[in-house]
2 protein chains.
Amino acid sequence: MARSEHRSGGTLPVTPPTLADVAERAGVSRQTVSNAVNNPDLLRPDTLERVRQTIAELGYSPNRAARNLRTRTSSLIGLRFAPAQEGTANAAMDRFVHSLVEASEEVGYHVLLFPGDDEDPIGGYDNLLRSTAVDAFVVTDTYLGNPQAAWLSQQRAPFVAFGRPWDDDGARHVWVDVDGAAGIALATQHLIDRGHTRIAWIGWRKDSPIGEDRRSGWVRTMHANGLSTTGLASRVEDVVHSGAEAAAVLLDESAPTAFVCASDTLAMGVLHTLWIRQLAPGKDIAVVGFDDSQVAQVYPVGLTSVRQPLEDVAVEIVRTLRALLSHQPVETRGVLLEPTLAIRDSS
Amino acid sequence: MARSEHRSGGTLPVTPPTLADVAERAGVSRQTVSNAVNNPDLLRPDTLERVRQTIAELGYSPNRAARNLRTRTSSLIGLRFAPAQEGTANAAMDRFVHSLVEASEEVGYHVLLFPGDDEDPIGGYDNLLRSTAVDAFVVTDTYLGNPQAAWLSQQRAPFVAFGRPWDDDGARHVWVDVDGAAGIALATQHLIDRGHTRIAWIGWRKDSPIGEDRRSGWVRTMHANGLSTTGLASRVEDVVHSGAEAAAVLLDESAPTAFVCASDTLAMGVLHTLWIRQLAPGKDIAVVGFDDSQVAQVYPVGLTSVRQPLEDVAVEIVRTLRALLSHQPVETRGVLLEPTLAIRDSS
DNA sequence: CACCTTGATTGGATCGATCTAGGGCGATCG
DNA sequence: CGATCGCCCTAGATCGATCCAATCAAGGTG
């Protein structure tokens, strides 16, 4: 069975070299080459060296499809990719995806993106699962009572969620999340340390568990420092002008000297109100946002913001996925990571 | 050869049904089932119906790995994913990736992300190519004289670039790009229509071909309207404070009434200077940015910005990729798309 | 009626890797 | 000294789909 000749180090041959090519050239069997790649310990050192050299000469790399077929794995992690919403400052996805790609690469996995369809939220998952196109999923939107986590659990599909199963106590899946309350507590304490006592909260509507969680960090820290929260909180939609309006009302009614916000979007609204009223952020009134978005970073004054450790989240998720996929017992059902505070001139 | 029974519509079976399972149950050969999936026209209508029903009953979906192995394709498009740089407003990647994922899905492709390594820019490409893990690539960073495009061309690897081969006239690859000059021309004309005559340009350093291209749109439009550009241009680094400094200098020396910037990042710098000088954006001085980033959208005043038609870019790229992969002759080597202007209160 | 064409379907071979069982060989042991 | 063990390696079978060549039935032609 003569194969086309392979040029070494030049352009890619029309058909890349196969395991059999390497085996023939190195004078060993196919299985030995396979072992050289996957179980080097099984080979005698000199054989290993010889095979490795041949692999290098031919520029051989195992054919993914063949390997996937035989091992019933794909080394792919599926991720439904939703873009940042227009008109908001929410930019977590971008950084998270990058972190996930990096962390996956470290352990030999790649990230496969697929689009989301709000009308058929599990369609994309189902297709990939049925065709065994991916080994596992990372689910990022567990908060809205989405059926994905439950559905995947039911299918026995391996997945890790970024986000706690807020509304489902019975959820049995594994998750990684960032402690938003701790982040807001950090921000609140930071403001208190700067001498503020009347610190207002502008958060999301009450039906958002994430929003309520973050809010609790503010309440907790205020009370722990003997400060009152009455009349200092507002719950609105996550859009700029809502933040602006809320800030205006709070300034009029309660005269706070600082604002802690559930998002950078809301913080931008606060900054807008300050600008209108000729109040200097950071000097007259302090403002803190959440997510350390690009907006927070490039806003002229610099917006202090709670920064999620997305790199660590990604690493933790990949670590957990590996454990799941190798059928090791996963010790903890959930992991909660601590955010940090990116301090800028607005506080 | 008895197989485990498959429950219909319940949890996924331990091993999903195969083509052979469907064939046996429908009382036809494997090839007929394959044809029902891939070449329905070959089947007699009643046979097709019967096979389709069986496929539905079993919840059969072709195994990707097997198909990939046999057809030597993967239906995957590789994309090197670099996150937005911290401290800039550049957010094109996020939206572009989403558009690409959507456009790919439409034609049965998925997007595979892999990390970039500045020290070994072709490493990721090489691995995926050798292991035939992807069918093609989308290359997004052609501008920096990166060796990727040339290397991929040499390897005969199918790819489409998002971005013109600025510095390589001999480049023979296919590309899709957005006409930045036209976008800036649009912005400039918009300002002229508003009555501005002294319109300043703040762009990137001269060694950026993209920056020079965008600048040419400003020059062209100014001259076409009989307006002078002398003393009204500045070239700086793409960071906020450089934009702020440039704006300050220009205001002092040339008293422009409007600024057109090569990026939203620079525009934010301009807005900062205006804020310091108590000048109202949109009233006293007009400002236009580039990229329609989240920053432009949530900045309190609302930053007018040139918006790249990334959805169209993605569609065009996928269309071109399909042509490449089906070995159809690609009629045009490059496609240039027109941006639009997102008009907000800053102008 | 023999011969050819067309349409619908089939069975074996194949893609390139890994799994499984087993073979060769030298070292160790009773 | 033969049996046994472990190490290193090999050959055939296999994963699940598609390619290819061949078969069969039905219809048209001379």
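Computed from a prediction, not measured in an experiment: that's the story for all the values here. Both backbone and side-chain heavy atoms feed into the values below; hydrogens, waters and symmetry mates do not. Chain A is the first sequence line, chain B the second, and so forth, proteins listed ahead of strands; every chain is numbered from 1.
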Enquirer: Atom CZ of A:Arg72 and atom P of C:dA17: how far apart are they, to the nearest Å?
Expert: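 Between P of C:dA17 and CZ of A:Arg72: 19 Å.
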Enquirer: Donor-acceptor pairs under 3.5 angstrom involving side-chain atoms of residues 315-325 of chain B: please list them, not counting sequence neighbours.
Expert:
{"from": "B:Glu316", "atom 1": "OE2", "to": "B:Arg319", "atom 2": "NH2", "distance (Å)": "2.9"}
{"from": "B:Thr320", "atom 1": "OG1", "to": "B:Glu316", "atom 2": "O", "distance (Å)": "2.7"}

Enquirer: Over how many whole Å does the gap from A:Leu43 atom CG to C:dT18 atom P extend?
Expert: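 That distance rounds to 13 Å.
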Enquirer: Without decimals, in angstroms, what is the distance between B:Asp21 CG and D:dA17 C1'?
Expert: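 Answer to the nearest Å: 13 Å.
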Enquirer: Which letters describe nucleotides 18-27 of chain D, given B = protein heavy atom under 4.0 Å from base, S = only from sugar-phosphate, - = neither?
Expert: BBB-------
Enquirer: For residues B:Thr18 and B:Asn63, determine if any side-chain heavy atom of one lies less than 4.5 Å from a side-chain heavy atom of the other.
Expert: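 Not touching, per the 4.5 Å side-chain cut-off.
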Enquirer: Answer yes or no: is there an ion pair linking A:Asp21 with A:Arg25, defined by an N-O contact shorter than 4.0 Å?
Expert: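 Judged by the 4.0 Å cut-off on N to carboxylate O distance, A:Asp21 and A:Arg25 do not form a salt bridge.
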Enquirer: Show me the pairs that pass salt bridge (charged side-chain N to carboxylate O under 4.0 Å, His left out) and involve residues 28-46 of chain A, at least two apart or across chains.
Expert: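 Matches after skipping sequence neighbours: A:Arg44-A:Asp46.
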Enquirer: Atom pairs, N/O to N/O, protein against nucleotides 22-26 of chain C, distance under 3.5 Å?
Expert:
none

Enquirer: Is any side-chain heavy atom of A:Phe81 closer than 4.5 Å to a side-chain heavy atom of B:Asp94?
Expert: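 Side-chain contact under 4.5 Å: yes.
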Enquirer: Fit a plane to each ring of A:His173 and A:Phe159, take the angle between them on a 0 to 90° scale, and name the class: parallel (under 30°), tilted (30 to 60°) or perpendicular (over 60°).
Expert: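 Judged by the thresholds at 30° and 60°, the geometry between A:His173 and A:Phe159 is tilted.
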Enquirer: Rounded to whole angstrom units, what separation is found between the CG atom of A:Leu58 and the C1' atom of C:dG16?
Expert: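 My rounded result for the distance is 15 Å.
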Enquirer: For A:Asn68 and D:dG16, give me the distance from atom CG to atom C1', rounded to whole Å.
Expert: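 Whole-Å distance recorded here is 13 Å.
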Enquirer: Side-chain N or O of B:Thr47 less than 4.0 angstrom from OP1 or OP2 on C:dT9?
Expert: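 Yes, within the criterion.
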Enquirer: Which whole-number value in Å describes the distance from A:Arg44 CZ to D:dG6 P?
Expert: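 The distance from CZ of A:Arg44 to P of D:dG6 comes to 19 Å, rounded to the nearest Å.
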Enquirer: So for the helix from C:dC1-D:dG30 to C:dG30-D:dC1, with five pairs setting each end axis, what is the inter-axis angle to 10°?
Expert: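 Answer for the end axes of this duplex: 60°.
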Enquirer: Would A:Asn127 and B:His110 count as a side chain to side chain contact (heavy atoms under 4.5 Å, CB included) if you check the C-alpha gap in whole Å, the side-chain angles of each, and the deciding distance to 0.1 Å?
Expert: CA-CA 12 Å; A:Asn127 277 336; B:His110 284 287; over 6 Å; no
Enquirer: Please name all residues satisfying ring pair (Phe, Tyr, Trp, His ring centres under 6.0 Å) with B:Phe96, sequence neighbours left out, ordered by chain then number.
Expert: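 So B:Phe96 forms a ring pair (Phe, Tyr, Trp, His ring centres under 6.0 Å) with B:Phe162.
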Enquirer: Given atom CG of A:Asp41 and atom C1' of D:dC9, what is their separation to the nearest angstrom?
Expert: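 Rounded to the whole Å, the gap is 16 Å.
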Enquirer: Just to confirm, is there a sub-4.0 Å distance from OP1 or OP2 of D:dG16 to any side-chain nitrogen or oxygen of B:Thr18?
Expert: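 No, outside the criterion.
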Enquirer: Whole angstroms only, please: what is the CG-P distance between A:Leu69 and C:dT14?
Expert: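 Answer to the nearest Å: 17 Å.
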Enquirer: Within the distance-only criterion (no hydrogens, no angle test), does the side chain of B:Ser131 pair as donor or acceptor with the backbone N or O of A:Arg64 below 3.5 angstrom?
Expert: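 No, because the side chain of B:Ser131 does not come within donor-acceptor range (under 3.5 Å) of the backbone of A:Arg64.
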Enquirer: So does B:Val22 get a backbone contact from the side chain of B:Thr54, meaning a donor-acceptor N/O pair under 3.5 Å?
Expert: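 Here the side-chain-to-backbone pair does not exist.
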Enquirer: Going by heavy atoms in the side chains, are B:Phe114 and B:Val134 under 4.5 Å from each other?
Expert: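 They are not in side-chain contact.
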